[in-house]
Structure formats: structure tokens, C-alpha cells
Chemist: 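First the structure, then my questions, so here it is.
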Amino acid sequence: MDLIIQYGYYALLIAVVGEILIPIILAPFYKGYKHTIMAISTLGNHNSPVRLPFNLWMLIAGLLFLTATPALYSTYYLVSKSLALLSVLCIAVFAVGACIFTCFFSVNETKDVVTTASKIHGAGSAIGFLLLLFVPLFLAILSFRANDKSTGMISAVSFILAFLFFVLFIMADKPHFQRTLVAKEGLWQRLNLLFMYLPLGYIAVRNILGSIF
């Protein structure tokens, strides 16, 4: 357990950085893929030329997030056991529902085609994203309670921005907003993820540097 806690933040940092970079790296190999209008999970659909590496990464990312949860809990449980536990549970559900499930239950190239796999993927991702959305808020509360103002401010601002982009991401799929700026589903999803991940990445870097120096 000590080793898991010791290296948990390395796992978290790799997961966060990989989640940002892997879609950028794979997209050029998928002809016609557009970051601003297509969801990240589209890279793993059955017709995608990068389906295998993308889905493999999603499995790895889910396992990395799960590996990181003991480290996060050990950092904050003295501040509030219940809030620390709630935070890591949200991350764990996201790791399984939005990452690992994506590996085994792919979406289709278009939303017009609905299968059992795409339904499972949709449900897992929706629950996972919704729960991860509140992790920056929980981290802000924990950080302010621990008198860690810098992490608290970063987490609080990240929660506000993540919530805003999450709303835009949900609205982008509505018929009323088609042919408008709001319809850029892929852009809002990426910005939503960026700000959900930002506090986690910041905390990981601080703890890694703290253990080195």
C-alpha cells in the first residue's frame, strides 16, 4: 500500500497528461476527424483506424486513475474523511464508467446508429463525467480547509469553468443549437475535461515535487 500511495501521483499525472495528448496525437490518423465538433470517444468507434490504440489507452487511463485514488485519499483524509472518500469514489466511478467501459463498449461513428454497446458507453460516460465534474469543487473545499489557498483557488475556478463547458457540451447536442457556435460538441468536451483535470494535475505535480525535494 505504501508503494501505491508513493507512486499514485505519478499515475495520476500520466493519466491526466495522456488524456489531453492522446486524442491530439491520434486524430491526424483519422481522416475527416474534427476536434471541435466530434467527441473524443469517436476515435474508438468500430470504423476508426485508431480504434485499437485509443481503446487501449482508455483502459490504461482508467487503471491509472484507480491507482491514484489511494494517494489522493491519503493526502486529504485528515482534513475530512467523508469528503476525501467522496472525491476518490467519484474518480473511481469515472475511471470505470468513462474510461474502462469505453475500451470495451465503443460508440458508433454517428449517433444515428444505436447499439447495446453504445448505450452502455453512453450511460457509463454520462455518470462518470457528471461525478468527476464535482471533484474540483470537493478539492477546493478540502484545500481551503487545509489552508492551501493556491490549490483551493485553482480548484474553485476550475469547477466553475468545467461546469460552464459541461453545460455547453450538453446543449451542443440539442437540435435548437445546431448550426450555431454552441454546436461545437468536441470543443466543449475538451475544455470541460481540461478544467476537471487541472486541479488533479496541479496536485499531482506538487506532491511529486514535494517528494523529490
Side-chain angles (χ1 to χ4, degrees), residues 1-25 40 57-100 102 125 127-167 169 188-213:
M1 179 61 75
D2 290 340
L3 283 175
I4 293 176
I5 293 174
Q6 181 180 352
Y7 292 106
Y9 280 115
Y10 288 94
L12 181 60
L13 184 60
I14 293 170
V16 167
V17 173
E19 279 285 87
I20 302 298
L21 293 182
I22 294 297
I24 296 174
I25 293 170
I40 295 172
W57 163 249
M58 294 309 298
L59 175 62
I60 293 171
L63 295 175
L64 288 171
F65 278 122
L66 290 175
T67 302
T69 54
L72 275 167
Y73 181 77
S74 69
T75 299
Y76 290 106
Y77 82 98
L78 290 177
V79 181
S80 171
K81 287 185 178 179
S82 58
L83 204 52
L85 181 60
L86 184 58
S87 299
V88 298
L89 282 176
C90 288
I91 294 171
V93 173
F94 172 80
V96 175
C99 296
I100 296 175
T102 295
S125 292
I127 295 170
F129 271 82
L130 184 60
L131 291 181
L132 187 68
L133 176 64
F134 290 95
V135 170
L137 176 61
F138 300 151
L139 292 176
I141 296 171
L142 287 165
S143 299
F144 282 127
R145 285 187 182 180
N147 202 31
D148 182 359
K149 294 181 180 179
S150 60
T151 305
M153 284 299 298
I154 289 172
S155 299
V157 172
S158 293
F159 169 70
I160 294 170
L161 292 173
F163 187 84
L164 170 64
F165 291 122
F166 182 79
V167 171
F169 174 63
W188 309 135
Q189 183 188 32
R190 284 160 176 78
L191 289 172
N192 170 240
L193 279 172
L194 175 64
F195 288 106
M196 289 196 293
Y197 288 150
L198 182 59
L200 295 173
Y202 179 75
I203 292 168
V205 170
R206 281 191 57 175
N207 280 274
I208 290 170
L209 292 178
S211 65
I212 294 174
F213 301 104

Chemist: Checking S143 side chain against A140 main chain: does a donor-acceptor pair fall under 3.5 Å?
Modeler: no
Chemist: If I take atom CG from residue L193 and atom CD1 from residue I40, how far apart are they, to the nearest 0.5 angstrom?
Modeler: 5.0 Å
Chemist: Taking the side chain as C-beta and beyond, is there a heavy-atom pair between Y76 and S87 under 4.5 Å?
Modeler: no
Chemist: Under 4.5 Å between any side-chain heavy atoms of I91 and L72, yes or no?
Modeler: yes
Chemist: Looking only at heavy atoms, which two atoms of E19 and A61 are closest? And how far apart?
Modeler: OE1-CB, 4.0 Å
Chemist: Within the supplied structure, the quantity of interest is the number of heavy atoms (other residues, nucleotides, ligands) at a distance under 6.0 Å from F144 CZ; does it exceed 12?
Modeler: yes
Chemist: Below 4.5 Å, heavy atoms only, C-beta onward: do L12 and L64 meet side chain to side chain?
Modeler: no
Chemist: Report the C-alpha distance between I203 and T151 in whole Å, list the side-chain angles of each, state the deciding distance to 0.1 Å, and finish with yes or no for side chain to side chain contact (heavy atoms under 4.5 Å, CB included).
Modeler: CA-CA 7 Å; I203 292 168; T151 305; 3.7 Å; yes
Chemist: Might you point out which heavy atoms bring G18 and P23 nearest each other, and give the distance in Å?
Modeler: O-CD, 3.9 Å
Chemist: Evaluate the ring planes of F165 and W188, with Trp represented by its six-membered ring, and classify them as parallel (under 30°), tilted (30 to 60°) or perpendicular (over 60°).
Modeler: parallel
Chemist: If you look at every heavy atom in C99 and A95, which pair is closest and at what distance?
Modeler: CB-O, 3.0 Å
Chemist: Are there over 12 heavy-atom neighbours, none belonging to Y202, within less than 6.0 Å of that residue's OH?
Modeler: yes
Chemist: Is there a side-chain contact between L133 and N192, using heavy atoms and a 4.5 Å cut-off?
Modeler: yes
Chemist: Taking C-beta and beyond as the side chain, do S158 and M196 meet within less than 4.5 Å on heavy atoms?
Modeler: no
Chemist: What are the two closest heavy atoms between L85 and V88, and how far apart are they?
Modeler: O-CG2, 3.2 Å
Chemist: Determine which pairs satisfy salt bridge (charged side-chain N to carboxylate O under 4.0 Å, His left out) with at least one residue from residues 189-210, sequence neighbours left out, and list them in order.
Modeler: D148-R206
Chemist: Classify the angle between the aromatic ring planes of F166 and F169 as parallel (below 30°), tilted (30 to 60°) or perpendicular (above 60°).
Modeler: tilted
Chemist: List the steps and the verdict of side chain to side chain contact (heavy atoms under 4.5 Å, CB included) for F138 and C90.
Modeler: CA-CA 10 Å; F138 300 151; C90 288; 4.0 Å; yes
Chemist: Say whether, by atom type as modelled, one donor and one acceptor occur between the side chain of N207 and the main chain of Y9 under 3.5 angstrom.
Modeler: no
Chemist: Tell me the closest heavy-atom pair linking S155 and P199, and the distance in Å.
Modeler: OG-CB, 3.5 Å
Chemist: Can you find a heavy atom in the side chain of I14 that is under 4.5 Å from one in the side chain of V17?
Modeler: no
Chemist: Using atom types as modelled and distance alone, determine if a side-chain donor or acceptor of T69 lies under 3.5 Å from a backbone N or O of L66.
Modeler: yes
Chemist: Find out whether Y10 and I208 are in side-chain contact, i.e. whether some heavy atom of one side chain is under 4.5 Å from a heavy atom of the other.
Modeler: yes
Chemist: Look up atom OG1 in T75 and atom CG in L139, then write down how far apart they are to the nearest 0.5 Å.
Modeler: 10.0 Å
Chemist: Just how far is it from atom CG of L194 to atom CG of L198, taken to the nearest 0.5 Å?
Modeler: 6.5 Å
Chemist: From the options V205, L13, V16, select the one residue that forms a side-chain contact (heavy atoms from CB on, under 4.5 Å) with L200.
Modeler: V16
Chemist: Take the angle between the ring planes of F94 and F65 and call it parallel below 30°, perpendicular above 60°, tilted in between.
Modeler: perpendicular
Chemist: Heavy atoms only: give me the nearest W57-A15 pair and the separation to one decimal.
Modeler: CZ2-O, 3.7 Å
Chemist: Would you indicate whether the side-chain heavy atoms of F159 and F134 approach each other to under 4.5 Å?
Modeler: yes
